[in-house]
Colleague: 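A single structure is presented below for examination.
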Number of protein chains: 4
Amino acid sequence: MFFSIDSSNGVPIYEQLVRQVKFAVADGVLSTGQMIPSVRQLAQQLAINPNTIARAYGQLQTELVVEPLRGRGLVVRKDALNRCLKARNQLLAQRLKAAIEECSQAGLTRSEITTMFEAQLAGID
Amino acid sequence: MFFSIDSSNGVPIYEQLVRQVKFAVADGVLSTGQMIPSVRQLAQQLAINPNTIARAYGQLQTELVVEPLRGRGLVVRKDALNRCLKARNQLLAQRLKAAIEECSQAGLTRSEITTMFEAQLAGID
Amino acid sequence: MFFSIDSSNGVPIYEQLVRQVKFAVADGVLSTGQMIPSVRQLAQQLAINPNTIARAYGQLQTELVVEPLRGRGLVVRKDALNRCLKARNQLLAQRLKAAIEECSQAGLTRSEITTMFEAQLAGID
Amino acid sequence: MFFSIDSSNGVPIYEQLVRQVKFAVADGVLSTGQMIPSVRQLAQQLAINPNTIARAYGQLQTELVVEPLRGRGLVVRKDALNRCLKARNQLLAQRLKAAIEECSQAGLTRSEITTMFEAQLAGID
DNA sequence: GTGGTCTAGACCACC
DNA sequence: GTGGTCTAGACCACC
């Protein structure tokens with residue numbers, strides 16, 4: 001399990017964690033029935049306050065991504081994959097949409113936006 | 001002069017103002033030598049504390065977008081247009097880039113990202 | 001950490017703070033990764049309103065001198081030293097330049113300016 | 001009589017005027033008994049509020065540089081030259097001293113300051 | 001009238 | 001605990 005948090009980019013740590021778990025499920029890196037690291041273990045590994053991990057895990061439970069296995073820990077729910085795929089795509093589509101809307105409201109035309117998009121896409125890894 | 005602030009989107013009011021002034025200059029809505037609304041006037045019009053306006057105006061000065069006419073008010077600097085155009089494009093390009101990077105890191109291929117982009121672009125006004 | 005503010009010299013307190021932090025980094029008194037005093041602590045120590053400290057700290061962030069460790073405090077960025085050295089030298093050079101220009105515009109010759117400079121330099125501590 | 005004011009450099013206009021009159025006297029451009037422009041005339045010429053001119057002229061009177069000629073206007077006092085020469089040199093020396101002190105307090109050695117000074121002096125017109 | 005600074009105090013998210 | 005934002009209101013120099 002790889003988690004990487006960036007504590008100086010403004011995105012709350014617990015959100016980064018929630019997101020990374022969801023994306024891991026969507027990518028098949030984490031699959032149904034698999035356990036996620038314990039709060040303490042992950043807190044130690046990332047040198048992060050356990051409260052922060054707990055907050056992320058709480059959210060993953062309420063979003064029905066993981067469920068507790070009594071006394072054992074948290075496992076990925078059997079119905080989590082679809083949910084995570086959908087969540088991932090919605091999230092990404094929405095980010096793109098927000099960026100596009102900003103361009104549009106700033107007065108850029110569709111073709112200017114497309115040009116800008118292609119330039120940026122070309123610059124990715 | 002149109003300014004609209006959305007106090008429920010998490011973006012600080014003073015940042016929204018800074019951005020709107022820059023974009024107005026970039027769009028030619030505000031041009032060199034033109035005065036921007038006084039702190040008190042804008043505060044009243046937007047029902048916002050004058051301090052918040054002052055903070056935005058201070059930032060616009062340090063970013064060399066406006067300059068004071070002592071005791072008269074703030075005017076758009078003669079060299080502000082290029083600065084604002086550049087600032088606007090950088091900001092928008094960077095937003096697109098961030099969105100693209102997210103998609104990429106989530107495992108989408110270039111063509112998947114492009115498809116998603118086109119779908120979202122089509123949905124704009 | 002020594003900060004001393006002079007509230008009777010016309011220079012805004014927050015600017016004095018920004019400058020002192022930058023100079024401390026340039027001098028190696030503050031180094032990469034080191035935390036700067038918390039807003040509340042410094043406010044109490046200097047008997048100054050926390051808002052004023054926060055304003056200075058905000059500026060230090062936008063000038064990329066410090067960065068937040070979420071919920072922990074502000075630390076000196078790893079790339080801050082060069083920035084601060086440059087900022088310090090620019091600032092000092094510019095002060096000297098301004099003084100020299102005033103002399104020049106007042107009609108003093110180069111050698112008169114140099115004489116005056118040497119007289120003043122001799123009088124320093 | 002040449003006066004040039006820069007309303008966007010932070011130095012109060014009335015101070016710029018006071019200074020320019022003093023320096024003109026020190027340089028011999030204005031000499032004893034000569035009249036300075038009337039408030040209204042100068043206000044119009046510089047497109048400045050007459051109050052601002054009046055404030056500068058008031059200060060020049062209290063500093064014994066000019067005196068009123070009943071019903072005629074303000075003339076340079078016969079004892080103004082020495083006063084203005086001394087004022088000019090004090091002012092310039094003090095500016096240099098302040099700049100030097102800043103360098104010194106920032107940790108620069110005498111020779112570093114001298115080097116910086118010479119670099120800046122070389123760059124003057 | 002103009003903008004700039006500061007205090008006082010509240011509230012927020014985050015850790 | 002941490003910093004960030006905002007309101008409310010005072011005071012200032014300047015024009």
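Below, read A as the first sequence line, B as the second, and so on, with proteins coming before strands; counting in each chain starts at 1.
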Colleague: Side chains of D:Ser4 and D:Asp6: donor-acceptor distance under 3.5 Å anywhere?
Modeller: no
Colleague: Which comes earlier along DNA chain F counting from the 5' end, the contact point of B:Ala47 or that of C:Arg72, where each point is its nearest nucleotide?
Modeller: C:Arg72
Colleague: For the residue pair C:Gln16 and C:Asn9, establish whether any side-chain heavy-atom pair is separated by less than 4.5 Å.
Modeller: yes
Colleague: Quick check on DNA chain E: between C:Pro50 and B:Tyr57, whose nearest nucleotide comes earlier from the 5' end?
Modeller: B:Tyr57
Colleague: Just compare E:dG4, E:dT7, F:dG4 and give me whichever is closest to any side-chain atom of C:Gln61.
Modeller: F:dG4
Colleague: Write down the distance between CD1 (A:Ile53) and P (E:dC15), rounded to a whole number of angstrom.
Modeller: 10 Å
Colleague: Need one value for A:Ile48: base, sugar-phosphate or nothing, where a base atom within 4.0 Å counts as base even if backbone is also close, heavy atoms only.
Modeller: nothing
Colleague: Can you figure out which of F:dC14, F:dG3, F:dT5 approaches the side chain of C:Ser38 most closely?
Modeller: F:dG3
Colleague: Measure from the side-chain heavy atoms of B:Asn51 and tell me the nearest of E:dC6, E:dG3, F:dT2.
Modeller: E:dC6
Colleague: Expressed in angstrom and rounded to an integer, what is the separation of B:Met35 atom CE from E:dG3 atom P?
Modeller: 7 Å
Colleague: Please confirm whether the backbone N or O of B:Glu102 pairs with a side-chain atom of A:Arg95, one donor and one acceptor, at under 3.5 Å?
Modeller: no
Colleague: Are D:Gln59 and D:Glu63 close enough that a side-chain donor and a side-chain acceptor fall under 3.5 Å?
Modeller: yes
Colleague: Write down the distance between CD (B:Gln44) and P (E:dG3), rounded to a whole number of angstrom.
Modeller: 13 Å
Colleague: OP1, OP2 of F:dT5 versus side-chain N and O of B:Arg55: anything below 4.0 Å?
Modeller: yes
Colleague: With nearest nucleotides of DNA chain E determined for C:Arg40 and A:Val11 from heavy-atom distances, which residue corresponds to the more 5′ nucleotide?
Modeller: C:Arg40
Colleague: At 4.0 Å (heavy atoms only), tell me whether C:Ile13 reaches a base, stays on the sugar-phosphate, or touches nothing.
Modeller: sugar-phosphate
Colleague: Who is the Watson-Crick or G-U wobble partner of F:dG4, with both distances under 3.5 Å?
Modeller: E:dC11
Colleague: Quick one: C:Gln41 CD to F:dT2 P, roughly how many Å, whole number?
Modeller: 8 Å
Colleague: Given atom CG of C:Leu60 and atom P of F:dG3, what is their separation to the nearest angstrom?
Modeller: 12 Å
Colleague: Picking from E:dA8, F:dC6, E:dC6, which would you name as closest to the side chain of C:Tyr14?
Modeller: E:dC6
Colleague: Please state how far atom CG in B:Leu69 lies from atom C1' in E:dG4, giving the value in whole angstrom units.
Modeller: 16 Å
Colleague: On DNA chain F, check which nucleotide each of B:Arg70 and B:Pro12 is closest to and give me the residue with the more 5' one.
Modeller: B:Pro12
Colleague: Are C:Ile48 and C:Ile13 close enough that some pair of their side-chain heavy atoms sits under 4.5 Å apart?
Modeller: yes
Colleague: Between P on F:dT7 and CG on B:Asn49, what's the gap in Å once rounded to a whole number?
Modeller: 5 Å
Colleague: Return no unless some side-chain N or O of C:Thr52 is found under 4.0 Å from OP1 or OP2 of E:dT7.
Modeller: yes
Colleague: I'd like to check B:Arg88 versus B:Asp27 (side-chain heavy atoms, cut-off strictly below 4.5 Å). Are they in contact?
Modeller: yes
Colleague: Mind calculating the distance between CG (D:Leu17) and P (F:dC14) to the nearest angstrom?
Modeller: 13 Å
